Chemist: 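Mind having a look at this structure? Questions to follow.
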Amino acid sequence: MTDVGFSRNEMMIVAAARELAGQRVCFVGVGLPNIAVNLAKRTVAPELELVYEAGVFGARPARLPLSIGDPTIVTGATAVTSMFELFAFYLQRGLIDVGFLGAAQIDRFGNINTTVIGDYAAPRTRLPGSGGACEIAINARKVFVIMRQSARSFVERIDFRTSPGNLGGAEHAERIRREGGWLGRGPSVVVTDLGIWHFDESGEMRLDSLHPDATLDEVRTTIGWEPRISERLADTPAPTAEELRLIREELDPAGVYTR
Amino acid sequence: MTDVGFSRNEMMIVAAARELAGQRVCFVGVGLPNIAVNLAKRTVAPELELVYEAGVFGARPARLPLSIGDPTIVTGATAVTSMFELFAFYLQRGLIDVGFLGAAQIDRFGNINTTVIGDYAAPRTRLPGSGGACEIAINARKVFVIMRQSARSFVERIDFRTSPGNLGGAEHAERIRREGGWLGRGPSVVVTDLGIWHFDESGEMRLDSLHPDATLDEVRTTIGWEPRISERLADTPAPTAEELRLIREELDPAGVYTR
Amino acid sequence: MAGAAGRPTAGVPGRTEGMPGKVATMRDAIRELVRDGDLVAIEGFTHLISFAAGHEIIRQRKRDLTLARMTPDLIYDQMVAAGAARKLVFSWLGNPGVGGLNAIRRRVEPAALDELRRTTGEDVRPLELEEYSHFGMVARYTAGAANLPFMPLRSYFETDLPTANPLIREVASPYGDGRVYVVPPLRPDVTIVHAQRADAEGNTQIWGLLGCQKEAAFAADRVIVVVEELVDEAVVRADPNRTVIPGLIVDAVVVEPWGAHPSYVQGAYDRDNRFYLEWDPISRSEEAVQAWLREWVHDLDGRAAYVEKLGADRLATLRPTPAPSGEVDYGMYG
Amino acid sequence: MAGAAGRPTAGVPGRTEGMPGKVATMRDAIRELVRDGDLVAIEGFTHLISFAAGHEIIRQRKRDLTLARMTPDLIYDQMVAAGAARKLVFSWLGNPGVGGLNAIRRRVEPAALDELRRTTGEDVRPLELEEYSHFGMVARYTAGAANLPFMPLRSYFETDLPTANPLIREVASPYGDGRVYVVPPLRPDVTIVHAQRADAEGNTQIWGLLGCQKEAAFAADRVIVVVEELVDEAVVRADPNRTVIPGLIVDAVVVEPWGAHPSYVQGAYDRDNRFYLEWDPISRSEEAVQAWLREWVHDLDGRAAYVEKLGADRLATLRPTPAPSGEVDYGMYG
């Protein structure tokens, strides 16, 4: 915890949860997205329908799911289906408003790598791979990303493209999506431990909000390219007492995601 | 009923049921196959697993199903699945030993028409069409046919090929099946109101057994080509009292199929 | 309004004034969601056929519909006779266990159509047919539900069906192991299904034969669910594996007990086979069909009146004795 | 012996002397049905992972297996560390909610492999990887179950995955509406699934997450079902819509309570997350992994000993409170 009374991970999770205000159907990725979405459901988006790739629609988790296949997402859910149906009839059919992903590497256009660091055939670090991320990035109506910023994760060139973002830029991406009949419109926001990035008309991410206690210097030293900063850069409101209470007492008492 | 104490329809159903002795998994078609298979389950093939295209495996009908979607095939069944799963995972996967079909027209090679009499675009008689017959004929390991003989049904040339049999003959059919990777080996028996036909090495049907009270003259006058008759033509044993009792008291008391 | 089109509708006001969630009268649901010229799928394989919805479509004199169903059954014979349809998309055209669909045949067989025109003095339009096998229809709904451009299947080899229907095409495997046939997605404007139960948001549970209802619903732009019983959300959430259609894609929920008669509802009532038998002679005479439609559809204001007209005694004979499923335990976690 | 290969096995004598139907001990089932070099799929997405079968495969020192699983999870980390595997076919390689699979990474990352060879003094073989996305793996099992040469899906566009895996290919729609990717069928020699219950013939029912077990089972030549509870056929037949895998394709039924630990069984026990957390430090040291395998697999003769070693107190903490599904009525007809 920092002296501001909350950790940067807590700020990141709270900021990500707030982005879900007004959204309806969210495909919940493994890890940080899982806690952010569950926080949103308890705060800004009580009507949010949680979809888990494991085959659950309308989950009502009684605790923070330990994984995206936790039994608590099943009991009391609206529907449990085979994974074929979940991916084919819900995601590929276009019923998912927001696909919420994490990432190991991301570039300025929101293209994501979760496969390898280094050469694919002889990797320095072998990462988990796509899971459902590749099809979520293509078929979810829009994509939210949550990840910590660092020079190793925000890179000029990702080592492997697991999930497409705005490709080489908005124009290129829109042509490909139109010609390929994609239902997804690509990445819409990246929430980090330092701020909130949206994508501008050129398809590149732009820092629109800076978290309390974070500085533009930090932002620049944790990113592999010269970042675009909004002229109307906002200050992210600090987490409320209730948001912190929910994270610390209900969602992550062990502090797995937040320390 | 004829003076021999049973009707020709009863003889046909009994003879068809007996052909199922030793078979394991049978895909039950609409109409006559339905009663023949249910009789076999009560006599020569108690272990027979009944599969209904409606999505039922291991049916235990408490009464003769009124149709192939009757609720009595569901209650007490082993499994009820979507029709996609039934056709894809059971039939197309090759789990069906016998597909049991009826037909409006059949040719000497067991090719079947259940679509139209006359021209397709301007039919003299519009028949039901394929239903599942087309895929059963291709994917069931073997095909049994039950139908009444008549010059209009046993024809030199069928008006429309709904379900493939031995095509232009065994050689042609075997090449097509091998090259196309079919799991089905085609028609194996045709049971009629006059006798029992199997398919010889040339792929053409051959009369192997003549029903009581039927004559070869009748056989020849109810068929559109010069039929092959086995040199060792057998006499079909008459229905037993028990077979008749099951049909008349349990399976078809109203005589829908048997009068 | 459309659910599956990706414009979810849960939370919108009830379709009918004063009713909760998406609950609506059949009249309002059909008036608002079924339009002249639509591709309409009333699905349910022998089981759960929404005759109530079909009759309301007849009553509201909808026109130029393309009617999709694996087995058109009596309901489409009646809708075609009523002049609601321009075209059928199907895989088996018959009165299951009884015979043919004669009103449809009169509009398909040239000789019968001439006779029909002569006797009615009307220029009755021939009915267009687009036909598949059962698996072909299921595959079309599945492709529609999955937003795929085609679905492969091992049917149609060496048959005349691809010639009769040029939408049945071949694709070579990119793995060098031969060719298979494919069918294109079927995307109804409206899919209508009957079910045992749903909650007010349209979360729907079915047991017994499932047919292709799930695929047909996900493939559609709009979905109407007609149920025997409206249940609390908690009933659905107690057994989420039993849910077949999520409210997310449902536009209206109509509560219509006996709404599937003369077809059946597993556990609730049996098929009224007497009617399937009676329809055969009725349907052989256009005059008798039109008289039947007047008496049983146009002269009644809805399903309640139909049920009352059938009479309690007849319905009582259709009730099965109980056969309980037993319970399973999902466990409460955290 | 093979079920799905079209050589049904119901009615064959029990796999183990004196046991009914297809019921067998885990030792007999693995010995008879899993062979060196086989393509083995132990499926179950987070839920119902058959650690008991994986451990018996390790115990019997099976070799050169190709292991297919959407999420290899700890069980494949352990099997790979034990030297049972030559190759993985997968879509997400991690310790869910915790981190990486370190024993596997040591056999995939060249630097770590060199280090491993140095420390062990053995010429440890690198592990081959064949990777897809989740939907790609599901589609591969579905194509296998449906005997299709390929399955189309809208994934992989503009990614490096088709380059990394040339089995991911493109097909043009014959309807002129663009291209989609396809994946080939996955046909395991053996699929092993854990379930809540089955009867002695292998008719298997599952509730909670269904993952891709049905598709993986129908795709396989041989199927082993491991269950918490052996039930009478009547229990299955009372709720046929709950049946996921029919005995028709099942070769052996193994009764192994707690057989999915440390993963979970909906309604029976929770995931033992403590173990998932503990595995992370263990798996970072090859020595610790081998010591764990000796203590928890090789030095125990089966699941019963493992359960006893875990202790009743630890297991008691994993029991959920009841959450009953409620009953439905199928109705008795005729």
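In what follows, every heavy atom counts, from backbone to side chain, and hydrogens, waters and symmetry copies are set aside. Everything numeric here is computed off the predicted structure, so don't read it as measured data. Throughout, protein chains are lettered first and strands after them, A, B, ... in sequence-line order, and every chain is numbered starting at 1.
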Chemist: Which bit of Ile176(A) comes within less than 4.5 Å of chain D, counting heavy atoms only: side chain, backbone, both or neither?
Modeler: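 Only the side chain of Ile176(A) comes within 4.5 Å of chain D.
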
Chemist: Do any N or O atoms from the side chain of Glu158(D) and from the backbone of Pro164(A) form a donor-acceptor pair under 3.5 angstrom?
Modeler: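 The answer is no, because no donor-acceptor pair under 3.5 Å joins these two groups.
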
Chemist: Distance check, rounded to the nearest 0.5 Å: Ser82(A) atom OG versus Glu215(D) atom CD?
Modeler: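 Those atoms lie 5.0 Å apart.
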
Chemist: Quick one: pull up OG in Ser67(A) and CG in Asp73(D) and give me the separation to the nearest 0.5 Å.
Modeler: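 Reported value, rounded in 0.5 Å steps: 9.0 Å.
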
Chemist: Hey, could you give me the CG/CZ distance between Asp270(D) and Arg63(A), rounded to the nearest 0.5 Å?
Modeler: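 Interatomic distance, Asp270(D) CG to Arg63(A) CZ, rounded to 0.5 Å: 4.0 Å.
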
Chemist: With a 4.5 angstrom heavy-atom cut-off, which part of Tyr264(D) approaches chain A: side chain, backbone, both or neither?
Modeler: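 For Tyr264(D), the contact with chain A is made by the side chain alone.
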
Chemist: If you count heavy-atom pairs under 4.5 Å with chain A, which of Leu129(D), Leu277(D), Thr163(D), Asn273(D) comes out on top?
Modeler: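 Of Leu129(D), Leu277(D), Thr163(D), Asn273(D), Asn273(D) has the most heavy-atom pairs under 4.5 Å with chain A.
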
Chemist: May I have the step-by-step check of side chain to side chain contact (heavy atoms under 4.5 Å, CB included) for Thr46(D) and Asp70(A), ending in yes or no?
Modeler: CA-CA 7 Å; Thr46(D) 318; Asp70(A) 190 299; over 6 Å; no

Chemist: Look up atom CE in Met70(D) and atom CD in Glu53(A), then write down how far apart they are to the nearest 0.5 Å.
Modeler: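 It comes to 7.0 Å.
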
Chemist: Which residues, numbered in order, of residues 181-193 of chain A come under 4.5 angstrom of chain D by heavy-atom distance?
Modeler: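 Gly181(A), Trp182(A), listed by number.
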
Chemist: Tell me, out of Pro96(D), Ser133(D), Gly97(D), who's got the most heavy-atom pairs with chain A below 4.5 Å.
Modeler: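 The candidate making the most pairs under 4.5 Å is Ser133(D).
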
Chemist: Search all heavy atoms of Thr75(A) against all heavy atoms of Ala323(D) and return the closest pair with its distance.
Modeler: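 Distance-wise, the nearest heavy atoms are CG2-CB, 3.9 Å.
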
Chemist: Any idea which heavy atoms bring Gln266(D) and Pro71(A) closest together, and the distance?
Modeler: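 Closest pair (atom of Gln266(D), atom of Pro71(A), distance): NE2-O, 3.4 Å.
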
Chemist: Kindly check if the number of other-residue, nucleotide or ligand heavy atoms within 6.0 Å of CZ (Arg152(A)) is above 12?
Modeler: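 Result for CZ/Arg152(A): open.
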
Chemist: If every non-hydrogen atom of Leu66(A) is compared with every non-hydrogen atom of Arg271(D), which pair is closest and at what distance?
Modeler: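 Distance-wise, the nearest heavy atoms are O-NH2, 4.2 Å.
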
Chemist: Below 4.5 Å, heavy-atom pairs only: which of Gly76(A), Ser163(A), Ala88(A) has the largest tally toward chain D?
Modeler: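 When all of Gly76(A), Ser163(A), Ala88(A) are compared, Ala88(A) has the most.
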
Chemist: Which residues from residues 102-109 of chain D are near chain A, with near meaning under 4.5 Å between non-hydrogen atoms?
Modeler: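 Listed by number: Arg105(D), Val108(D), Glu109(D).
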
Chemist: Could you check which of Leu93(D), Leu153(D), Asp160(D) has the highest count of heavy-atom pairs closer than 4.5 Å to chain A?
Modeler: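 Most heavy-atom pairs under 4.5 Å with chain A: Asp160(D).
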
Chemist: Does any N or O in the side chain of Gln92(A) come within less than 3.5 Å of the main-chain N or O of Arg154(D), such that one atom is a donor and the other an acceptor?
Modeler: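 Side chain of Gln92(A) to backbone of Arg154(D), a donor-acceptor pair under 3.5 Å: yes, one is there.
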
Chemist: Quick check for you: to the nearest 0.5 Å, what is the distance between Ser155(D) atom OG and Leu91(A) atom CG?
Modeler: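 Here the interatomic distance stands at 7.5 Å.
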
Chemist: Heavy-atom distance under 4.5 Å to chain D: side chain of Ala137(A), backbone, both or neither?
Modeler: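 For Ala137(A), no heavy atom lies under 4.5 Å from chain D.
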
Chemist: Heavy-atom count around Glu171(A) CD within 6.0 Å, excluding the residue itself: above 12?
Modeler: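 Atom CD in Glu171(A) is not crowded, with 12 or fewer foreign heavy atoms closer than 6.0 Å.
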
Chemist: Could you report the tightest heavy-atom contact between Pro110(D) and Pro123(A), atom names first, then the distance?
Modeler: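 Pro110(D) and Pro123(A) have their closest heavy atoms at CD-O, 3.3 Å.
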
Chemist: Considering only heavy atoms and a distance below 4.5 Å, find which of Gly132(A), Ala77(A), Gly55(A) pairs most often with chain D.
Modeler: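 Highest number of heavy-atom pairs under 4.5 Å: Gly132(A).
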
Chemist: Could you walk me through whether Phe84(A) and Cys212(D) pass the side chain to side chain contact (heavy atoms under 4.5 Å, CB included) check?
Modeler: CA-CA 7 Å; Phe84(A) 177 83; Cys212(D) 59; over 6 Å; no

Chemist: NE2/His47(D) to CD1/Ile73(A) distance, rounded to the nearest 0.5 angstrom?
Modeler: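 The NE2 atom of His47(D) sits 10.5 Å away from the CD1 atom of Ile73(A).
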
Chemist: Hey, mind stepping through Leu161(D) and Phe160(A) against side chain to side chain contact (heavy atoms under 4.5 Å, CB included) and telling me if it holds?
Modeler: CA-CA 9 Å; Leu161(D) 284 156; Phe160(A) 188 98; 4.1 Å; yes

Chemist: For Ser50(D), check side-chain hydrogen bond (donor to acceptor under 3.5 Å, both in side chains) against everything at least two apart and list the hits.
Modeler: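 Checked Ser50(D) against side-chain hydrogen bond (donor to acceptor under 3.5 Å, both in side chains); zero matches.
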
Chemist: For Tyr276(D), is it the side chain, the backbone, both or neither that has a heavy atom under 4.5 Å from a heavy atom of chain A?
Modeler: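 Interface part for Tyr276(D): neither.
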
Chemist: Between Tyr120(A) and chain D, which part of the residue has a heavy atom less than 4.5 Å away: side chain, backbone, both or neither?
Modeler: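 Tyr120(A) touches chain D through side-chain heavy atoms alone.
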
Chemist: Check step by step if side chain to side chain contact (heavy atoms under 4.5 Å, CB included) holds for Leu210(D) and Glu85(A).
Modeler: CA-CA 11 Å; Leu210(D) 303 174; Glu85(A) 287 165 22; over 6 Å; no

Chemist: Less than 4.5 Å to any heavy atom of chain A: does that hold for the side chain of Ala164(D), its backbone, both, or neither?
Modeler: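 Both the backbone and the side chain of Ala164(D) come within 4.5 Å of chain A.
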
Chemist: Do you know which of Gly69(A), Ser130(A), Pro128(A), Cys134(A) has the most heavy-atom pairs with chain D at a distance under 4.5 angstrom?
Modeler: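 Looking at each of Gly69(A), Ser130(A), Pro128(A), Cys134(A) in turn, Pro128(A) comes out on top.
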
Chemist: Return the orientation label for the His134(D) and Phe87(A) ring planes: parallel under 30°, perpendicular over 60°, tilted otherwise.
Modeler: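 If you compare the ring of His134(D) with that of Phe87(A), the planes turn out perpendicular.
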
Chemist: Give, as side chain, backbone, both or neither, the part of Thr142(D) having an atom under 4.5 angstrom from any heavy atom of chain A.
Modeler: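 Side chain of Thr142(D) only, per the 4.5 Å heavy-atom cut-off to chain A.
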
Chemist: Do any of residues 180-187 of chain D come closer than 4.5 Å to chain A, heavy atom to heavy atom, and if so which ones, in number order?
Modeler: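 None at all.
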
Chemist: Check whether more than 12 heavy atoms from other residues, nucleotides or ligands sit under 6.0 Å from atom CZ of Arg319(D), and answer yes or no.
Modeler: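 Buried by this count: over 12 neighbours within 6.0 Å.
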
Chemist: Which atoms of Thr72(A) are under 4.5 Å from chain D, going by heavy atoms: the side chain, the backbone, both sets, or neither?
Modeler: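 Thr72(A) has no heavy atom closer than 4.5 Å to chain D.
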
